[in-house]
Amino acid sequence: MATISPPKYVRQVLVTLQGRGFPAFLVGGCVRDMLLGVRPNDWDITTAALPEQILELFPGAKVTGGQHGTVTVRIHSHTVEVTPFRVEGGYRDHRHPELVQFVADLAADLSRRDFTVNAMALSADGMLSDPFGGAADLKRGVIRCVGEPERRFEEDALRMLRALRFSAKLGFSIDLFTMEAIREKAPLCACLPPERVRVELEKMLLTPAPDTALEAISLGLLDSYLHRRLPEQIPERLSALPKRALERWIGFAWLLERYGCVASAGDFLQALRLDGRSVHLGTQAAALLNAPLPETEADWKRCLRRCGIEASICAARVAEAFGRGGDRGKTLRAVLKSGDCFSLRQLAVTGDDLMALGLRGRAVGEMLEFLLDYVIDYPENNRRELLLSLAAGSEE
Ligand code: ATP
Ligand code: MG
C-alpha cells in the first residue's frame with residue numbers, strides 16, 4: 001500500500017467533496033507515484049461532482065480544462081486539479097475526442113485512461129480502485145494499455161509516445177501486446193500536433209533513459225519529421241548528455257543531422273515548435289559541432305564572441321558527451337573561469353572613449369573590433385590607458 005500520504009490541502013478537497021455527497025478520489029499519476037513510494041509532482045482528483053458543483057464548493061476555483069471540465073481549486077498557496085468523472089468518444093484525427101461526457105461512475109472514468117498504472121484511484125480513507133490490474137503491473141514493472149491497445153492508439157496516437165515516456169521514466173518494460181500495437185500503429189503519429197509530440201519527447205529526454213527517444217525513431221513514431229531513420233547501431237548515447245532540456249534537445253537534433261535523418265538540427269527543432277531561442281542555439285551549436293571545435297584559448301574567445309556563451313557551452317558539452325573534441329571543453333571552461341575579455345562589453349574602452357579621441361562613424365566600430373581582437377590575443381593588455389594609446393596611435 002501507499003507509503004506516501006497526500007498533504008493536508010489535498011485531503012481537504014477530497015473530504016469537502018465527500019462531505020457534500022460527491023464521491024472523490026485521487027487519480028492517475030499521483031496514485032501511481034504514491035504506490036511506488038515517490039512523492040507526486042501534482043495531485044489530481046476525480047469526482048462525481050459536475051464543474052458548477054465544484055465551483056460552488058470552492059471559492060476562487062476556476063474552470064481551466066475547457067470541455068474536460070477540469071476545475072483548478074486554490075487552497076492557500078496550493079492548487080489542485082479536480083475533474084468530473086468522464087468518458088470520451090468519437091475520436092477525430094487520432095487525437096481529439098469529439099464527445100466528452102460527464103458520468104456518475106468512477107470505473108468508466110478509469111477505463112478511458114491510457115495505461116493500467118495510470119488508471120487507479122485512491123479514496124481519502126485509503127481504498128484503492130484498481131479495475132485493470134495497475135498495482136500488479138507496477139510490481140512487475142510493465143506499461144500496459146487499458147483495454148485493447150490497437151483501439152486505444154487509434155483513438156489517440158499520442159499514447160504511443162506516452163508509453164515510451166513512462167517506460168523511460170519508471171524503468172519499466174512495455175507489455176508485449178502494447179508493443180506490437182505500437183509497431184503497427186506507429187504511422188498514426190503523423191497526425192499529432194507537433195506541440196504535443198514535443199512535450200512528450202522533452203519529458204522522455206529528461207528521464208533517466210533519454211535514449212528511449214532513439215527507440216521512438218526505430219519504431220517509426222517520428223517518421224513524419226525525418227528523411228530517414230537512424231542506423232541501427234550508433235555509438236552516441238543521449239544519456240551521456242547533461243540532464244538539461246537544451247543540451248538534450250541539441251544533442252538529439254544534432255545526431256539526426258549528422259546521420260542525415262533531417263536537413264538540419266535547427267529545422268528539426270523548428271518543426272517540433274521549440275521556442276525561437278532554442279532553435280537559434282541549436283542551429284549555432286550544430287554548426288560548431290560540424291567543424292573541429294576551437295582548440296586554443298584565443299580560438300574559443302573568438303568563438304564566444306561570434307556565437308555567444310550558451311551555444312559554445314552547449315556545443316562543448318554535446319561534443320564531450322559524444323566522445324568528440326578531446327579536452328577542448330576544458331579549454332573553454334578555463335577561458336570562462338579566467339574572466340578574460342572576449343566581448344565588447346568587457347573591453348576596457350568604450351565607443352565614447354574613442355569618440356573623445358576624435359574617431360567618428362564606422363571608424364569607432366572598426367577600432368573597437370580591432371582592440372577586441374588584440375586583447376583576445378593579449379588578455380593582460382585589456383587596460384584602458386594602454387588601449388587608448390594604441391587607438392590614438394593607429395588613428396591615421
Ligand atoms: P506525470 O507525473 O509525468 O505528470 P501523469 O500520470 O500525471 O504523469 P499526465 O500526462 O499528467 O501524466 O496525465 C494525468 C493522467 O491523465 C494520467 O495518469 C492518465 O490517467 C490520464 N491521461 C493523460 N493523458 C492521457 C491520454 N492521452 N489518454 C488517456 N489517458 C490520459
Ligand atoms: Mg501529471
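Computed over heavy atoms, backbone and side chain alike; hydrogens, waters and symmetry mates excluded.
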Polar side chain donor-acceptor pair, N118 to R113, under 3.5 angstrom: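 Short answer, no.
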Residue pair T70 / T83, side-chain donor-acceptor N/O under 3.5 Å: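 Side-chain D/A pair, T70 to T83: present.
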Salt bridge (charged side-chain N to carboxylate O under 4.0 Å, His left out) between D33 and R39, worked out: CA-CA 6 Å; D33 290 346; R39 183 142 286 280; over 6 Å; no
Taking [X] first and then [Y], would you say they form a salt bridge - that is, a charged N and a carboxylate O separated by under 4.0 Å?
| X | Y | value |
| --- | --- | --- |
| D373 | K301 | no |
| E180 | K185 | no |
| E320 | R333 | yes |
| R152 | E155 | yes |

Greater than 12 external heavy atoms within 6.0 Å of R345's CZ: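 Not buried by this count: 12 neighbours or fewer within 6.0 Å.
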Under 3.5 Å: donor-acceptor pair, side chain of N290, backbone of A286: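 Yes, because the side chain of N290 sits within donor-acceptor range (under 3.5 Å) of the backbone of A286.
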Side-chain (D211) to main-chain (L238) donor-acceptor, under 3.5 angstrom: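 Between the backbone of L238 and the side chain of D211 there is a qualifying donor-acceptor contact (under 3.5 Å).
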Where L288 and S312 come nearest, the two heavy atoms and their spacing: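 Minimum heavy-atom contact is CD1-CA, 4.0 Å.
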Exercise: identify the closest heavy-atom pair between V197 and L158: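 Taking every non-hydrogen atom into account, N-CD1, 4.3 Å.
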Trace of the ring-ring contact (aromatic ring centres under 6.0 Å, His included) decision for F132 with F115: CA-CA 9 Å; F132 306 105; F115 308 112; over 10 Å; no
Salt bridge (Lys or Arg N to Asp or Glu O under 4.0 Å): pairs with one or both residues in residues 247-269, sequence neighbours excluded: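 Salt bridge (Lys or Arg N to Asp or Glu O under 4.0 Å) check on residues 247-269 returns E236-R258, R244-E247, E247-R317.
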Derivation and outcome, salt bridge (charged side-chain N to carboxylate O under 4.0 Å, His left out), residues D114 and R159: CA-CA 7 Å; D114 44 10; R159 291 174 186 151; 5.6 Å; no
Salt bridge (charged side-chain N to carboxylate O under 4.0 Å, His left out) evaluation trace for R86 with E88: CA-CA 7 Å; R86 70 168 199 268; E88 295 172 346; 2.9 Å; yes
Worked check of side chain to side chain donor-acceptor pair (under 3.5 Å) between E215 and S218: CA-CA 5 Å; E215 204 188 325; S218 314; over 6 Å; no
Euclidean distance, I143 CD1 relative to T178 OG1, rounded to 0.5 Å: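 Result: 9.0 Å between the selected atoms.
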Intermediate values then yes/no, salt bridge (charged side-chain N to carboxylate O under 4.0 Å, His left out), E369 and R305: CA-CA 11 Å; E369 288 297 334; R305 163 96 184 106; 2.4 Å; yes
